There are 2 protein chains.
Amino acid sequence: MHDVALVVQKYGGSSVSDAERIRRVAERIVETKRAGNDVVVVASAMGDTTDELLDLAEQVNPNPPDREMDMLLTSGERISNALLAMAIEGLGENAQSFTGSQAGVITTSSHGKAKIIDVTPGRVRSALDEGKIVLVAGFQGVSQDTKDVTTLGRGGSDTTAVALAAALEADVCEIYTDVDGIYTADPRIVSNAKHLDHISFEEMLEMAACGAKVLMLRCVEYARRYNVPVHVRSSYSTKPGTVVSGSMEDIPVEEAILTGVAHDRSEAQVTVVGIEDKPGYAAKVFRAVADAEINIDMVLQGVSAVETGKTDITFTLPKELGEVAVAELGKLKSEIGFREVVLDDNIGKVSLVGAGMKSHPGVTATFCESLSDAGINIELISTSEIRISVLVRESDLDPAVRVLHEAFGLGADEDAVVYGGTGR
Amino acid sequence: MHDVALVVQKYGGSSVSDAERIRRVAERIVETKRAGNDVVVVASAMGDTTDELLDLAEQVNPNPPDREMDMLLTSGERISNALLAMAIEGLGENAQSFTGSQAGVITTSSHGKAKIIDVTPGRVRSALDEGKIVLVAGFQGVSQDTKDVTTLGRGGSDTTAVALAAALEADVCEIYTDVDGIYTADPRIVSNAKHLDHISFEEMLEMAACGAKVLMLRCVEYARRYNVPVHVRSSYSTKPGTVVSGSMEDIPVEEAILTGVAHDRSEAQVTVVGIEDKPGYAAKVFRAVADAEINIDMVLQGVSAVETGKTDITFTLPKELGEVAVAELGKLKSEIGFREVVLDDNIGKVSLVGAGMKSHPGVTATFCESLSDAGINIELISTSEIRISVLVRESDLDPAVRVLHEAFGLGADEDAVVYGGTGR
């Protein structure tokens, strides 16, 4: 990438877990700089630092105040970035580390889950102009109104990197992780899963939303909004990785086929059995769940399996919120008189994602046939323009991923997935 | 101290070395608050945190840049103060922690040894007005020109506490440490050393300058300039401690006698032997040392012990700089033709400090007689209005401290030290 002028690189906690790894990451950063690029680096806290700090907090106060928790946790990124700057200086390049606040990462004031409002990287820009390698503490910012230190919550460092890349109009945002990119399926489940050189923002969004863990949904949404190409690479190899960029509209229809199979074990299924089939009753159910601040995913309303003339409403939600939902819905029993609420958390979701779906009829048919041929029962289906997701027994999840990956010829030994138009 | 409106408390690293101690310190802080005081707390980094961070830095870069070192080290105070705030909230009081920068501690930009230029505690004041207990990270500030994070160097947290107390016009600055105050001598050397309830700024300055380690000279100077009463207390007991306040001028002459005996093992002695007794030669010697940025303490110029018609110049300096001084002076040999330079680091300094000295003739005589009676040879003497210091063999230092402490009746079993006018 010798023609690239400004590169933002993000390194996860495992990449900087000790002095040795910090030195290795520093070498990689210096190489990028010496290849003729301006470099901005966002690093997470060292390996277990965050867990150790959380443990200390737990010991002094089991319910620590959010503001102080953010004050505590942000010291982790401060340490790793300062050490990285020292290591880089040791290699003969000038480096300067900034806190989120110093780097101009302005956020909302909701501690622990703040949203980035604006990025004003004036100091970062000046340091770059002075020829320095800039390090920015990830995962943190400063609240616009209270000027307090905030954290961005899960996936925060990725979001910091993408937000900085957008504000600095960087040519690429490289996310270094412990895998070398996005695959057509989880290689731990599908042995011949194929590495993807490129994937469009929309496809990546669907993959992330369906359980692909490599990139957080939130970071992909940010990258898409500001059209920042994201390059997912391994910290431990120099393989090219996967580039997330562009719209699927850019992929020539004849070439666009299917992206991959994603799976998700994090959801549970709640069924409200035997509701009167009256207008507004379903709404009451979803309102009760929404008021408990529970995001639901898949939804099915249909003729009751157990009571004629009644309907059942089934939806999925994060496993950890299952009990809460059941409790909230219980309060409605007298009002809308359903029979019972059933919680089932032995389910899994498998999804097929691909821009080619809409232009290739029969995908849904093949999808269902292949699962039934394998004796896997589908409990619920939901689809989008470029995705089919079904709910199966958790015990059927891995087999389902393999069956679909095989059925649609996504494996590395075939040439099913062709991105002629977008290869790099 | 129920009548005190605003109390600034400083806790050292050993007082907050683990979760258990942090909880105990939190209880003490809450007690002070519930006794009707506004409370601002300055805590150092937890026990070994700083050493661990220094070790990490050493591993990634043996010569780390000062700016990044400050960025790294200041995270230590951030952690301890955030944890302290959590522990306080756990006890039912509202607390808010601030970084040095957030607390308005403005410094010079000399990283690692920055000086406080100004303190603008606007946010601290507002938090206090909201009834909160305020925690401020000690040892750190933000540079006026570059807006970078700085550290204040040794004794920095004490200075932070005193500077905040001055800016907030606090009624007292309590320094919590592992001893319960100032004694007439080091209790480890003198078994019946007497605890002092009160000591004036001038006397404390002399004691600190003469090796008393409880308070850093710098912090006492700051307290004196802004007339902030400093209360030195133990973190582990509720004993009253020692109050450092007021001028010795306030002590009625008849009552003011002697404060105590201090000792110092940190100095070495350099003698330039056999210099021509010509004008300007001594100046050349001291200029050479000054140009090497070496602070000298005691000085003696007199008839040479070894060469008639010549003079010897002797001075003391920090042990670790002895070799440097000898090397620098060696360069002068040809120019001013002395015989040799002798370095002796087996010496110790013992000092008697007290406001009553000037009004009690014969103190110097008693001082010298008691030492000679004990067979202790005095190598060098220097005096101030309220201090007598002598240089003795290092092996004679502890006996000298005991002899002087006894000769001037400073022991706890006598009533020699009376502060009728200032006892509390």
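Fair warning: this is a prediction, and the values are worked out from it, not measured in the lab. A note on names: the letters A, B, ... follow the listed sequences, proteins ahead of strands, and every chain is numbered from 1.
Only the side chain of B/I22 comes within contact range of chain A, judged by heavy atoms closer than 4.5 Å. Looking at B/T146, the atoms closer than 4.5 Å to chain A (heavy atoms on both sides) all sit in the backbone: N, CA, C or O. Neither the backbone nor the side chain of A/S80 comes within less than 4.5 Å of any heavy atom in chain B. With a 4.5 angstrom heavy-atom cutoff, B/A26 does not touch chain A via any of its atoms. B/S101 does not touch chain A: none of its heavy atoms, backbone or side chain, sits under 4.5 Å away.
Counting only heavy atoms from C-beta outward, the side chains of A/M86 and B/P65 approach each other to under 4.5 Å.
Here CZ of A/R23 is found 10.0 Å from CG of B/N61. Values are rounded to the nearest 0.5 Å.
Among all heavy-atom pairs drawn from B/S75 and A/I79, the shortest one is OG-CG1, 3.2 Å. Contact detail for A/L83 and B/V60: the closest heavy-atom pair is O-CG2, 3.8 Å. Here the closest non-hydrogen pair linking B/Q102 and A/M71 is OE1-CE, 3.2 Å. In plain terms, the two heavy atoms of B/E68 and A/A95 that are nearest each other are OE2-O, 4.0 Å.
In A/E52, the CD atom is crowded: over 12 heavy atoms of neighbouring residues, nucleotides or ligands sit closer than 6.0 Å. A 6.0 Å sphere centred on CD of A/E130 holds more than 12 heavy atoms belonging to other residues, nucleotides or ligands. Atom CD of A/E320 has more than 12 neighbouring heavy atoms from other residues, nucleotides or ligands inside a 6.0 Å radius.
Among A/V149, A/N63, A/N81, A/I88, the residue making the largest number of heavy-atom pairs under 4.5 Å with chain B is A/V149. In terms of heavy-atom pairs under 4.5 Å with chain A, the best-connected choice from B/L135, B/D18, B/D148 is B/D148. Chain B forms the most heavy-atom pairs under 4.5 Å with one residue out of A/M46, A/Q59, A/R78, and that residue is A/R78. The candidate with the highest count of non-hydrogen atom pairs below 4.5 Å against chain B, out of A/E20, A/R123, A/R67, A/E89, is A/R67.
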